[in-house]
There are 4 protein chains.
Amino acid sequence: MTLPGNDVKYGTCRTDKVSFMSDTPRRRGADRTEAIMRTTLELGQEIGYARLSIEAVAARAGAGKHTIYRRWPSKGALLLDSLLSLNETSLDYPDTGDVAADLRVQIHAAVDLLAAPPFGPLFQALIGEAQYEPQVAAALNERFIVPQADKTVARLKAARDQGQLSPRFDLELAMAILSGPLYFQLLITQQPLTHEYVDRILDALFAGMAPRPQ
Amino acid sequence: MTLPGNDVKYGTCRTDKVSFMSDTPRRRGADRTEAIMRTTLELGQEIGYARLSIEAVAARAGAGKHTIYRRWPSKGALLLDSLLSLNETSLDYPDTGDVAADLRVQIHAAVDLLAAPPFGPLFQALIGEAQYEPQVAAALNERFIVPQADKTVARLKAARDQGQLSPRFDLELAMAILSGPLYFQLLITQQPLTHEYVDRILDALFAGMAPRPQ
Amino acid sequence: MTLPGNDVKYGTCRTDKVSFMSDTPRRRGADRTEAIMRTTLELGQEIGYARLSIEAVAARAGAGKHTIYRRWPSKGALLLDSLLSLNETSLDYPDTGDVAADLRVQIHAAVDLLAAPPFGPLFQALIGEAQYEPQVAAALNERFIVPQADKTVARLKAARDQGQLSPRFDLELAMAILSGPLYFQLLITQQPLTHEYVDRILDALFAGMAPRPQ
Amino acid sequence: MTLPGNDVKYGTCRTDKVSFMSDTPRRRGADRTEAIMRTTLELGQEIGYARLSIEAVAARAGAGKHTIYRRWPSKGALLLDSLLSLNETSLDYPDTGDVAADLRVQIHAAVDLLAAPPFGPLFQALIGEAQYEPQVAAALNERFIVPQADKTVARLKAARDQGQLSPRFDLELAMAILSGPLYFQLLITQQPLTHEYVDRILDALFAGMAPRPQ
DNA sequence: TATTAAACGAGACGGTACGTCGCGTCTTGGT
DNA sequence: ACCAAGACGCGACGTACCGTCTCGTTTAATA
């Protein structure tokens, strides 16, 4: 992926080639790439991403700094790739026929992964970085948010077709309405994001704020 | 206000004293405090908060670094105070009797202030800082989020008593549900936050996702 | 002294002030200056000036790199000052009335100081640096070569007035003719510079190459 | 020639073979060797030898770094060979019967070549390198200084046999006494080395410093 | 009114990390 | 088999800020 407005590629490291067979002897470049990302996550969990430095990652990984800068233009980009390399077995929606239950299951899984240690603090920090670095924000959207949104919309569309959602529900807003309150809890109030809290949010969103006739 | 877990006070600068009379000659301390915060905002708008340094603020403000460190423990704290010093004429809810309209008006105002230049990028950056600095997160909550939430809940409670809201609506969730989608747009997708978008969100939240009997 | 063509002063460190009384408490700046120069000489003798780095001097001296760069613009300048700080009790000519003997004594002393460990290798390296850095070359001349030349010329002039030198001897060439062969041995052939060698050179220079009538 | 204390040969590049016939098609190795040395001189004249890097030579010459390292162990060695490759049509003494005139002519030629652009600065830098790298110093002596000294001594010996030099003149010192003052001017005072200056030095050396009977 | 303690600007200081450069070695792929 | 190209670990470069710490100099409150 090429980041918009920037020739530097990351996301897929420039020097990596996809290895189609697991027994393919991996090239030097790919080895270093993996080692660096693994070290980034380790060190990040130990000392926090605020104190994480490219210098320290290089030292711990036994890599030269240039080897890191050759691949990623910034600490944020490195963090992004390192985190997303974990998430490649992505968060998929089940379809049991009960959309409310399916959403609940999927969101619980997402919350368990992204809002709890060991990766919660990392993910939080990544969104923090995105506020400064437009490249990171763009890449985060393209590679994580948009795919999730697409899956969510697809599942909701199926539900609407089955009459489980209001036909007037604005599907474009789905991601913001479903995820927004959770990100609010994660980023703004920074209170724990429990399953119970998720359930209450879902109930409220399904019911709506307006009074309903009995 | 004392930040939790830290003896250093900010929010109300330690050296400031409230001046009860406008003609009271302001003390040296308050002058410097104001000049520094003003410079912080100026410089932040010019070069962005990522590149903002206390060193540069001191130089531009004609202040010694010590004078800044005497007041604020970190760049984040300085940014927080600088921003909130603008907001003291706070965002209040009207009460026209029509809760949907009142929310709309108030949220439009908030969005105009916090999601658009010149202060949108600053506010975004402040939330970014909050992901790293727990003190900033706590102060942001105490001094901005909680007061807003309280006002929102108060207005909604009145509406519920008048039958304009579902009696079962979970008021504790109000802030997250109303604000979450907007912060999502501001922080995650980083798309423009228009009045039209706010209206669509509000409509969807009032209606709810579940199908309604005609 | 200001180096020609450069605003940066070294030789006399910018931040130093001469302390007129030995019991004057020395300022912070002068302390660091001395410590850094001392460390430079130590480390230079240990590992050689080729391998000497500003980084290593800073680390060993317990100083920040900036503290060094604030004073000296380059490794060569630092080396120059460090070396010349040793030489301030300079090489002076005796005047016993016998100019040949006086030259011999003074040159033996100079050779012992500058062509033998511990300072010979340092002095050699300094001249090496001077080939690359015009500032170092200029400062070396102004602060070391020219003063020595002046003393030499003064001593020779006295000798000429007493009839101990050929009245036609070109005094302007004195330094080059007396020192040149020694620097040649030091820098080019890099053979040991013994007292015996110095004596042979002096004898030859006094006698001249041309045949003499009996 | 093998450098003392080092198995790596330079001087005669390991991969070069003397081509005995001018129409022999030269091998690939020799082409690269020449191209690299030519580039070294070009680049050295453009940016100065201090800033010259093997990396840059390789890039400019369209050569791999390995190809350079295969031939020369250091930047100094490369510089030495590059410079001496120019000088193979060496500086030889005429013998007109007048030794003073012959020395004058030969030294003028040497000074024109080695103390003036384009090769003066390079030669100066080479001597600078020799202060750090003993190998370079040794090779410079063996391949340039010693041969020149031998020629000089031979010419002077002939002159002495003809009674043009003092029979007591110490021939072993000849090179140091004749060249030393010139190197002093080149390396230490870094003043221009004119023919007129050379002549004055020669006159003084022939005459000697001691007074002469009429 | 004179004294004095605090706040202040200025900036030196020991550090840490930055992003860049060049070293000398090693790997890859092309000719 | 040699080459160009360049990745790699390494180490130093020179810069920027960090947060702490003297410095003298105002400044305004007290004596």
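Here is the naming used below: chain letters follow the sequence lines, and residue numbers restart at 1 for every chain. Just the heavy atoms: all of them, side chains too, but no hydrogens, waters or symmetry mates, feed the values below. Please read these numbers as outputs of a predicted model, since none were measured by experiment.
D:L78 places its CG atom 10 Å from the P atom of E:dC23, with the value rounded to the nearest Å. The separation between B:Y69 atom OH and F:dT22 atom C1' is 17 Å, rounded to whole Å. Atom OH in A:Y49 sits roughly 16 Å away from atom P in E:dA17 (whole-Å rounding). The CZ atom of C:R60 sits 16 Å away from the P atom of E:dG14 (whole-angstrom rounding). Separating the CD1 atom of D:I36 from the C1' atom of F:dC3 is a distance of 11 Å, rounded to the nearest angstrom. For the pair A:L52 CG and E:dC18 C1', the computed distance is 14 Å after rounding to whole Å. Taking atom OH on B:Y132 and atom P on F:dC18, their separation rounds to 16 Å, with Å as the unit. What separates CD1 of B:I47 from C1' of F:dA16 is a distance of 12 Å, to the nearest Å.
Distance alone, capped at 3.5 Å, places no donor-acceptor pair between the B:K75 side chain and the B:S53 backbone. Side chain of C:S82 to main chain of C:L78: a donor-acceptor pair is present (N/O by atom type, distance under 3.5 Å, no hydrogens or angles). Put simply, the side chain of D:R32 gets close to the backbone of D:A61: a donor and an acceptor are under 3.5 Å apart. Within the 3.5 Å criterion, the main-chain N or O of D:I127 finds a donor-acceptor partner in the side chain of D:Q131.
In this structure, C:A130 and C:A137 approach most closely via the heavy-atom pair O-CB, 3.6 Å. Closest of all the heavy-atom pairs between D:G76 and D:E133 is N-OE2, 3.7 Å.
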Can you give each donor-acceptor pair under 3.5 Å made by side-chain atoms of residues 35-45 of chain D, sequence neighbours left out, with the distance rounded to 0.1 Å?
{"from": "D:T39", "atom 1": "OG1", "to": "D:A35", "atom 2": "O", "distance (Å)": "2.8"}
{"from": "D:T40", "atom 1": "OG1", "to": "D:I36", "atom 2": "O", "distance (Å)": "2.8"}
{"from": "D:E42", "atom 1": "OE1", "to": "D:R60", "atom 2": "NH1", "distance (Å)": "3.4"}

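For B:R32, the listed nucleotide lying nearest its side chain is E:dG9; candidates were F:dA12, E:dG14, E:dG9.
Along DNA chain E, the nucleotide closest to D:E55 and the one closest to A:I54 are compared, and the more 5′ of them pairs with A:I54.
Under 4.0 angstrom from either OP1 or OP2 of F:dA7 there lies at least one side-chain N or O belonging to A:R70. When the side-chain nitrogen and oxygen atoms of B:R71 are compared with OP1 and OP2 of E:dC8, one or more of them lie within a distance under 4.0 Å. Phosphate proximity of F:dA16 to B:R51: absent, as no side-chain N or O sits under 4.0 Å from OP1 or OP2.
Taking a 4.0 Å limit (strictly below) on heavy-atom distances, residues 61-68 of chain B reaches DNA chain E at B:G62, B:A63, B:G64, B:T67.
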